[in-house]
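What you see is a predicted model; the values in this text were computed from it and never measured. Side-chain atoms are counted along with the backbone in the values below, which use heavy atoms only and exclude waters and symmetry mates. Letters go in sequence order (proteins before strands), and every chain restarts at 1.
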Protein chains: 2
Amino acid sequence: MQNQTLASQWLLSLQKSGCRITSARNIIVEELTCAQRALEPADLYALCRKKDPHLGLVTVYRTLEQLESLGLIQRVHRSDGCHMIMRKNDGHEHLLICTSCGKTVSFQGDHLELLFDRVALETGFSVEDHMLQLFGLCPECRANAQE
Amino acid sequence: MQNQTLASQWLLSLQKSGCRITSARNIIVEELTCAQRALEPADLYALCRKKDPHLGLVTVYRTLEQLESLGLIQRVHRSDGCHMIMRKNDGHEHLLICTSCGKTVSFQGDHLELLFDRVALETGFSVEDHMLQLFGLCPECRANAQE
DNA sequence: ATGTTAATTGAAAATGATTATCATTACCAA
DNA sequence: TTGGTAATGATAATCATTTTCAATTAACAT
Ligand SMILES: [Mn+2]
Ligand SMILES: [Mn+2]
Ligand SMILES: [Zn+2]
Ligand SMILES: [Zn+2]
């Protein structure tokens, strides 16, 4: 199963970085790797407590911090707040987020180099990095809106 | 002077939306319209208190809320936090932010329509909106880094 | 100009999210 | 198995933002 594999990869990354494998981290990583939508820390906490009602919110925050420093998760930015997180796959990619249900997919290949060059010329800045996110409606929410 | 004009425009917009023109709003709008960099509410508060030490932080938050609902300011998103705000000019534009000193300029013409179409086809989503920000070094910070 | 009235203000308190502290628990290398 | 130490969760602390409320003041009609 692909999710199991991704979760194992994350746990291995944590281990390589000096962390121990604990049941709390197992649960948190499992939830994050299989999530189809961006989650707030509190959402993730609620999901994890279904598997272990004893698990603490603080551990969720601490694990998120570690996963972020390993580059395995990313923050999702929205006009109404930027506290959600989503897994990051390998390589350079961007997110497309359904504004209705929150479902999130990623894509690659934005071909923005020409834009960077033009803006650099116009402004005198050097362009080192960029952030791009798309918002829209997923197929299911489009169908629901139709009828 | 251009900044005076922009500040007046903002005050007029506030007035049209039913707000009264007060000295607190005058000061806050003046600081926001002439700022060359994104500001956090606390930064803005500190700047405004130089002109009126009596002005309250709550009024800063309230005025920011009104200006945002009028579409005159926008949130600036960064990997280390998304609490800064910057004025928004007319029309569709994006920000380029100096990661060293915070100086911020805007640009237009991202020509992303082809990308939207491709991603919509690939994912089945409809693409309704997008967020794009560039990060780099402004001319001054580039010069400083050079030597 | 003056009074009326409702919007606005700032101090203080409340809230909500995140972080720090610390005694206890449990992973894991030896 | 065991010892050292990282990790945990309860609790408290912190920080940004929002709410409350009595006093103030801008806008408007006299
Ligand atoms: Mn890209
Ligand atoms: Mn655009
Ligand atoms: Zn953001
Ligand atoms: Zn700079």
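Listed for the B:T104 side chain is a donor-acceptor partner under 3.5 Å among the backbone atoms of B:G102. A:R25 places no side-chain N or O within donor-acceptor distance of the main-chain N or O of A:C19, the cut-off being under 3.5 Å. Side chain of A:R49 to backbone of A:L55: a donor-acceptor contact under 3.5 angstrom is found.
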Give each protein N/O atom lying under 3.5 Å from an N/O atom of nucleotides 28-30 of chain C, with the pair distance.
{"residue": "C:dC28", "atom": "OP1", "partner": "A:I21", "partner atom": "N", "Å": "2.7"}

All N/O pairs under 3.5 Å across the protein-nucleotides 12-15 of chain C interface:
none

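Regarding A:Q66, its CD atom lies at a distance of 9 Å from the C1' atom of D:dA7, rounded to whole Å. Rounded to whole Å, the distance from CG on A:L39 to P on C:dA17 is 15 Å. For the pair B:L55 CG and D:dT25 C1', the computed distance is 15 Å after rounding to whole Å. The separation between A:L57 atom CG and D:dA12 atom C1' is 14 Å, rounded to whole Å. For the pair B:L14 CG and C:dA7 P, the computed distance is 16 Å after rounding to whole Å. Going from atom CG of B:N26 over to atom P of C:dT9 covers 11 Å, rounded to whole Å. In this structure, the NE2 atom of B:H54 is 11 Å from the C1' atom of D:dA23, given to the nearest Å. As rounded to whole Å, 14 Å separates atom C1' of D:dA7 from atom CD of A:E65.
Contact annotation: B:R25 side-chain N/O to C:dT8 OP1/OP2 distance is under 4.0 Å.
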Next item on the list: Decide yes or no on side-chain hydrogen bond (donor to acceptor under 3.5 Å, both in side chains) for A:E128 and A:S126, but give the supporting numbers first.
Entry: CA-CA 6 Å; A:E128 317 277 358; A:S126 65; 2.8 Å; yes
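Remark: the B:T63 side chain and the B:E65 side chain contain no N/O donor-acceptor pair separated by less than 3.5 Å.
Here the closest heavy-atom approach between residue A:E30 and residue A:A7 is recorded as OE1-CB, 3.8 Å.
Hydrophobic clustering keeps B:V76 apart from B:L70 (ILVMFWY residues linked when any side-chain heavy atoms are closer than 4.5 Å, directly or through intermediates).
The aromatic rings of B:H94 and B:H130 sit tilted relative to each other, their planes meeting at an angle between 30° and 60°.
Distances from the side chain of A:H83 to the nucleotides D:dA16, D:dT20, C:dA17 place C:dA17 closest.
Salt bridge absent: B:R75 and B:E68 never bring a charged side-chain N and a carboxylate O closer than 4.0 Å.
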